[in-house]
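The block underneath contains the structure these notes are about, expressed in structure tokens.
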Amino acid sequence: MKYNCSEIESKWQKRWEEAHIFEAQDGSDKPKFYGLVEFPYPSGSGMHVGHIKAYSGLEVVSRKRRMQGYNVLFPIGFDAYGLPTENTAIKTGVHPRVVTDRNIEKFTSQLKRVGFSFDWTRVIDTTEEEYYRWTQYIFLKLFENGMAYRDTALVNYCPSCKVVLSNEDSQGGKCDICHSDIVQKSKDVWYLRITKYADKLLEGLEKVDYLPNVKQQQVNWIGKSTGAFVNFKLTEEGEQLRIYTTRCDTLFGVTFMVIAPEHPIIEKLAHKIKNIDALKAYREECAKKTEFERTQLVKDKTGVKIEGVAAINPINGKEIPIFIADYVMMGYGTGAIMAVPAHDERDYDFAKKFGIDIIQVIKGGDLSEGAYTGDGEMINSGFLNGIATKKDAIAKTLEFLESEGIGEEGVQYKMKDWAFNRQRYWGEPIPIVHCEKCGLVSVPYEELPLRLPEVKEFAPGEGGESPLAKIESFVNCKCPRCGGAAKRETDTMPQWAGSSWYFLRYIDPHCSTGIADMEKMKYWLPVDWYNGGMEHVTRHMIYSRFWHKFLYDLGIVPCDEPYAKRTAQGLILGPDGDKMSKSKGNVIDPNDVVDTYGADVLRTYVLFMGDYGSAAPWSDSSMKGCKRFIERFADLTTIAKGRGVTPELEVAINKTVKKVTNDIEELKFNTAIAAMMGLLNDIFEVGHLTLDELGTLVRLLCPIAPHICEELWEQLGGEGFCSLAEWPSYDEAKTVDSSVEIAVQVNGKLKATVMLPLNCPKDEAIALAKADERVAAAIDGKTIVKEIAVPNKIVNIVVR
RNA sequence: GCGGGUAUGGCGGAAUUGGCAGACGCGCUAGAUUCAGGUUCUAGUCGGGGUUCCUCGGUGAAGGUUCAAGUCCUUUUACCCGCACCA
């Protein structure tokens, strides 16, 4: 049957809305389910089908949960602060507020056309005063607890966007937004002390149900390493260099030291250093390099030896040279290393280039070829000689270092503190006042929200100043503490701020006394299932876990981990197999698909196109298969005439109910849909089924293709909404056939298949298998060596 | 370089976790319906060889374990993702 999908779909979307059936109930006795999808950034180009796939997974789970009797919270909102909107405003002169509202309207209509069962009464927009008031509140809490601080730092600066970027936003030395080259610039910036939560973030992973690769990425991002800090005395009396190493066992193999070009000891000992000019020249050269060049061009080691000052290896008293080189970073460890060329590849390269001694202290490898980084017996190492393993050698060395007071065990993290400000207009104002007398002062809570002022020019000022700096009425204020003249912070928060706590606000979106009511949070938290893209599992997820843990420590939220479970969907690639992008012109607009095929077909197709977690290219013709399926499914009404299906089909229906029920829980929508397609084919072959049986199938498909199922449900005379009807159950006993087809192999090669009763005893199975002509022929005249029978699966006869 | 992953027909992908490889869908071929295109329906569709049926080969490559391997082990290649001079 060809049906008028747009008529049916708008009919049911309207009815759902009028009956408020997808609204979550606070304080219900039902078990709760909180399903969360990553809220979109409302860009001007509208949604593409990737969004639809991303939301369809938990949409199906949520709809199924409702039918299973859960009180479901499945919200949506908009992460609306961000640069593209601001850039549009700069280009067109239209206020970001207007651009944002327009985009949100467009996104909303697109989402509604697909029939998502979001609770539209809880929509949030991170740029609304009612929302960002609480983002600012959390910032003040962070500030008051010493978790937000200001520091002068070399920052990644995008000369094109004129903003300071975090390391994460400038990966590969390119700006995340405009892809220009990043340069280094010294600036006063805000940091959040996320490193203080490094261990908690790591430990928390043990009790959550995240995909293994999600956990792994977070572990790598935090990058905890255990090693030792060691102090090296210098030839200059009273001075020392502190280093971090994970291989203190190789201390006897240290033949030089390397410090970062920016290491402060250079300034401190400038008067002793004979070649200070050469060092400064080298440092300037390095500063010109972008982070990208510095980390990517690894082939060639460069550096300069410090003349006039040397170091002393604390373990054997030997004097060793110190170099400055840009392969050592100021941002990790202490900015200084002990170099062991025999057992570290970078040190090896450097030593070869500069003709430095290489002393082997671990047996193994071939030092003429390269550094040996494996395990082995200690040699040339004084009291460590003869120790067979790295672990033991490290333990012994640490013992020595600690007893001599020259070093101790320590840990390091790759994760750095979070650079938390942007010199932009379209973001949350940082609620801080700079007072000459009092320093940094919080804006009082009762003055929140600190409103984003109106400006005429959205473009950032030269040199990375925020546009807010130009608004005198905003900048000039009274110090909340001393009442004297003061100036407001003019930077705004980065885009990650609003998304770091949005799942809390859904629980109580209009709460005016806090971020959300505690009792409601206790009911809904944690998020039971969070699904989103792999690109957000480090930055966004770690940032929000950090905020949540901080709020938990303050007693503001009731649990320490926000997300109980995390999964990720795969990308939808363009029909050409490339990533969808506007520039390639291969973006599929969900509106176009809904227009021609209908929302149910779109929903079915994005879930059927492949494994939910993997990337798959879009295919219009493949989607036609889903259209046929939906239409044929609707045709079932023409053969539902009271006559029941065959016993075999009854089993098939039970099997399918079981499979779909289980597959949805594992996001295996492709196989769930395939099973329903297969069942549909079988039913048409038989040619009839009861209305009751059709009712089961309609409810089974409802979470995936809800509009047509509501329509069919109504035709069948079903009670109420199909979307709220009871999820079909299955009879476990009826999920198995009374007889099974068994493969019979001779010497592992398939010879025949035989029908056997279920759970046929081994002996009987073998006897019946041998009775088959083809099997008999294959074993005729041969000696039977072994007979294997796996019940309900296979018989294998081994002959010689 | 390190970490994680993937590799199965012309394509997207299945395979009850060691038990009939290729479910389901697309595409393709033939036939029917249709004035025609589209739609719909029926049959076929991993490859080779003989053509009701049978036989041999087949899951990136090479070995191995096993009665039995897409699945486990060893070696290897290609691609994807993340991190990356992290000491």
Side-chain angles (χ1 to χ4, degrees), chain A residues 1-2 171-172 211-221 223-225 227-228 243-248 250 258 294-299 301 325-329 331-340 344-347 349-350 373 412-415 534-535 537-538 570-571 573 577 604-605 608-611 613-626 628-629 631-632 635 655 659 662 668 670-681 684 741-753 774 785-799:
Chain A
M1 173 189 79
K2 277 193 192 140
Q171 283 174 355
L211 288 179
N213 53 337
V214 171
K215 269 191 199 181
Q216 193 59 48
Q217 275 195 34
Q218 294 198 7
V219 168
N220 291 346
W221 201 72
K224 182 174 184 173
S225 92
I243 61 100
Y244 176 72
T245 179
T246 54
R247 294 299 305 272
C248 65
T250 60
V258 185
R294 196 165 155 174
T295 55
Q296 289 296 307
L297 305 174
V298 295
K299 303 135 215 151
K301 293 275 180 296
D326 64 355
Y327 83 90
V328 172
M329 311 288 153
Y332 185 79
T334 61
I337 62 158
M338 62 178 218
V340 187
D344 182 281
E345 281 166 25
R346 295 151 302 172
D347 298 346
D349 293 345
F350 194 84
T373 54
Q412 278 295 306
Y413 303 92
K414 287 184 194 172
M415 186 169 70
M534 281 306 293
E535 69 275 20
V537 305
T538 48
L571 291 175
L573 305 174
T604 307
Y605 177 59
F608 179 67
M609 61 193 298
D611 172 52
S614 312
W618 182 266
S619 158
D620 261 326
S621 60
S622 211
M623 185 168 51
K624 282 180 193 151
C626 292
R628 289 188 193 123
F629 166 63
E631 285 176 357
R632 260 159 65 81
D635 275 347
K655 271 186 185 168
K659 179 159 183 61
N662 295 334
K668 285 160 75 174
N670 54 337
T671 51
I673 294 166
M676 285 190 272
M677 287 172 168
L679 179 63
L680 190 66
N681 293 342
F684 272 111
E741 191 182 35
I742 291 213
V744 183
Q745 300 178 333
V746 175
N747 286 350
K749 302 237 180 216
L750 181 72
K751 287 295 164 191
T753 58
R774 284 160 296 183
V785 181
K786 201 169 181 182
E787 293 170 329
I788 295 126
V790 180
N792 305 325
K793 294 236 166 101
I794 205 162
V795 169
N796 191 7
I797 299 165
V798 187
V799 296

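Here is the naming used below: chain letters follow the sequence lines, and residue numbers restart at 1 for every chain.
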With sugar-phosphate meaning primed atoms plus P, OP1 and OP2, does A:Asn681 contact a base, only sugar-phosphate, or nothing at under 4.0 Å between heavy atoms? sugar-phosphate

Between A:Tyr413 and A:Tyr332, the two heavy atoms sitting closest are O-CE1, 3.5 Å

Does A:Arg628 have a side-chain nitrogen or oxygen under 4.0 Å from the phosphate oxygens OP1 or OP2 of B:C26? yes

Whole-Å distance between B:G19 P and A:Lys793 NZ? 6 Å

With the criterion being N/O to N/O and under 3.5 Å, what pairs connect the protein with nucleotides 1-11 of chain B, and how long is each?
none

Between A:Gln412 and A:Gly333, is there a donor-acceptor pair closer than 3.5 Å when you use the side chain of the first and the backbone of the second? yes

Shortest non-hydrogen pair, A:Gly335 vs A:Val328, comes out as O-CG1, 3.5 Å

Quick one: closest heavy-atom pair of A:Asn681 and A:Arg632, and the distance? OD1-NH2, 2.5 Å

Protein-nucleotide distance (A:Lys659, atom NZ; B:C24, atom P), rounded to Å: 13 Å

In whole Å, what separates the C1' atom of B:G12 from that of B:A7? 15 Å

P spacing across the pair B:A15 / B:U71, given as an integer number of angstrom: 15 Å

What's the CZ-P distance between A:Phe684 and B:C41, to the nearest Å? 9 Å

What is the distance from NZ of A:Lys624 to C1' of B:C26, rounded to the nearest Å? 10 Å

Starting at the 5' end of RNA chain B, write a dot or bracket for each base, bracketing those in Watson-Crick or G-U wobble pairs whose two distances are under 3.5 Å and using | for partners on another strand. (((((((..(((......[....)))((((((.......))))))((((....))))..(((((..]....))))))))))))....

Which whole number of Å gives the distance between the P atom of B:G3 and that of B:C86? 13 Å

Could you work out which one of B:G25, B:C86, B:A15 sits closest to the side chain of A:Tyr332? B:C86

What are the atom names and distances for every N/O pair under 3.5 Å that joins the protein to nucleotides 53-56 of chain B?
residue: B:C54; atom: OP1; partner: A:Arg774; partner atom: NH1; Å: 3.3

On a whole-Å scale, what distance lies between the C1' atoms belonging to B:C11 and B:G4? 27 Å

Assign A:Thr753 to base, sugar-phosphate, or nothing according to its heavy-atom contacts below 4.0 angstrom with the strands shown. base

Using atom C1' in both nucleotides, what's the gap between B:U65 and B:U74 to the nearest angstrom? 11 Å

Considering only side-chain heavy atoms of A:Met677, which listed nucleotide, B:G25, B:C67, B:C20, is closest? B:G25

Would you call the rings of A:Phe350 and A:Tyr327 parallel, tilted or perpendicular if under 30° counts as parallel and over 60° as perpendicular? tilted

Between A:Gly335 and A:Ile788, whichever has its closest RNA chain B nucleotide further toward 5' is A:Ile788

What's the closest nucleotide to the A:Ala674 side chain, out of B:G27, B:A23, B:C20? B:A23

On a whole-Å scale, what distance lies between the C1' atoms belonging to B:C67 and B:A61? 26 Å

Nearest heavy-atom approach of A:Val340 to A:Asp347 is N-OD2, 2.9 Å

Can you check whether A:Lys786 has a side-chain N or O nearer than 4.0 Å to OP1 or OP2 of B:C67? yes

From B:C86, B:G13, B:G25, pick the nucleotide closest to the side chain of A:Phe608? B:G25

With heavy atoms under 4.0 Å as the rule, sort A:Val790 into base, sugar-phosphate or nothing. base

A:Ile337 atom CD1 is separated from B:C86 atom C1', nearest whole Å, by 11 Å

For the pair A:Trp221 and A:Lys414, evaluate side chain to side chain contact (heavy atoms under 4.5 Å, CB included) and give the outcome as yes or no after the intermediate values. CA-CA 7 Å; A:Trp221 201 72; A:Lys414 287 184 194 172; over 6 Å; no

Nucleotide of B:C67, B:C86, B:C20 approaching A:Glu741 most closely (side-chain heavy atoms): B:C20

Could you tell me how far B:U6 sits from B:G60 if I compare only their P atoms? Round to whole Å. 12 Å

Glycosidic conformation of B:G9, taking syn as within 90° of 0 and anti otherwise: syn

Please classify the glycosidic conformation of B:U17 as syn (within 90° of 0) or anti (everything else). syn

Taking the minimum atom-to-atom distance to the side chain of A:Asn670, which one of B:G13, B:C20, B:A15 wins? B:G13

A:Gln745 has a side chain; which of B:C24, B:G12, B:C20 sits nearest to it? B:C20

Between B:C24, B:C85, B:C67, which nucleotide has the shortest distance from any of its atoms to the side chain of A:Tyr327? B:C85

With sequence neighbours excluded, what pairs up with A:Ala752 under the side chain to side chain contact (heavy atoms under 4.5 Å, CB included) test? A:Asp772, A:Arg774, A:Val775

For the P atoms, the ones on B:C73 and on B:C85, what distance do you get once it is rounded to whole angstrom? 33 Å

Could you check whether any side-chain N or O of A:Asn670 sits under 3.5 Å from a backbone N or O of A:Met609, counting only pairs where one atom can act as donor and the other as acceptor? no

On the side chain of A:Lys301, is there an atom forming a donor-acceptor pair with the base of B:C85 - under 3.5 Å, no angle test? yes

Listed nucleotide nearest any side-chain atom of A:Asn796, set B:C85, B:G25, B:G19: B:G19

For A:Glu535, the side chain to side chain contact (heavy atoms under 4.5 Å, CB included) test, sequence neighbours excluded, returns none

Enumerate, atom names and distances included, each donor-acceptor pair closer than 3.5 Å involving a side-chain atom of residues 785-798 of chain A, sequence neighbours excluded.
residue: A:Glu787; atom: OE2; partner: A:Lys770; partner atom: NZ; Å: 2.5
residue: A:Asn792; atom: OD1; partner: A:Asn759; partner atom: N; Å: 2.8
residue: A:Asn792; atom: ND2; partner: A:Asn759; partner atom: OD1; Å: 2.8
residue: A:Asn796; atom: OD1; partner: A:Gly748; partner atom: N; Å: 3.1

Please work out if A:Ala615 contacts a base, only the sugar-phosphate, or nothing of the nucleic acid, heavy-atom cut-off 4.0 Å. sugar-phosphate

Under 3.5 Å: donor-acceptor pair, side chain of A:Asp344, backbone of A:Arg346: yes

Closest of B:C86, B:A23, B:G19 to the A:Arg346 side chain is B:C86

Spacing between A:Ile673 atom CD1 and B:G12 atom P, to the nearest angstrom: 18 Å

Spacing of A:Leu573 atom CG relative to B:C79 atom C1', expressed in whole Å: 14 Å

For a side chain to side chain donor-acceptor pair (under 3.5 Å) check, start with the C-alpha distance between A:Thr753 and A:Glu741, then their side-chain angles and the critical distance, and finish with the verdict. CA-CA 6 Å; A:Thr753 58; A:Glu741 191 182 35; 3.2 Å; yes

Stepwise side chain to side chain donor-acceptor pair (under 3.5 Å) check, A:Tyr605 with A:Asp620: CA-CA 10 Å; A:Tyr605 177 59; A:Asp620 261 326; over 6 Å; no

Atom-to-atom span, NZ of A:Lys655 to P of B:U16 - whole angstrom: 14 Å

Which pair of heavy atoms, one from A:Pro617 and one from A:Gly577, lies closest together, and at what distance? CB-CA, 4.3 Å

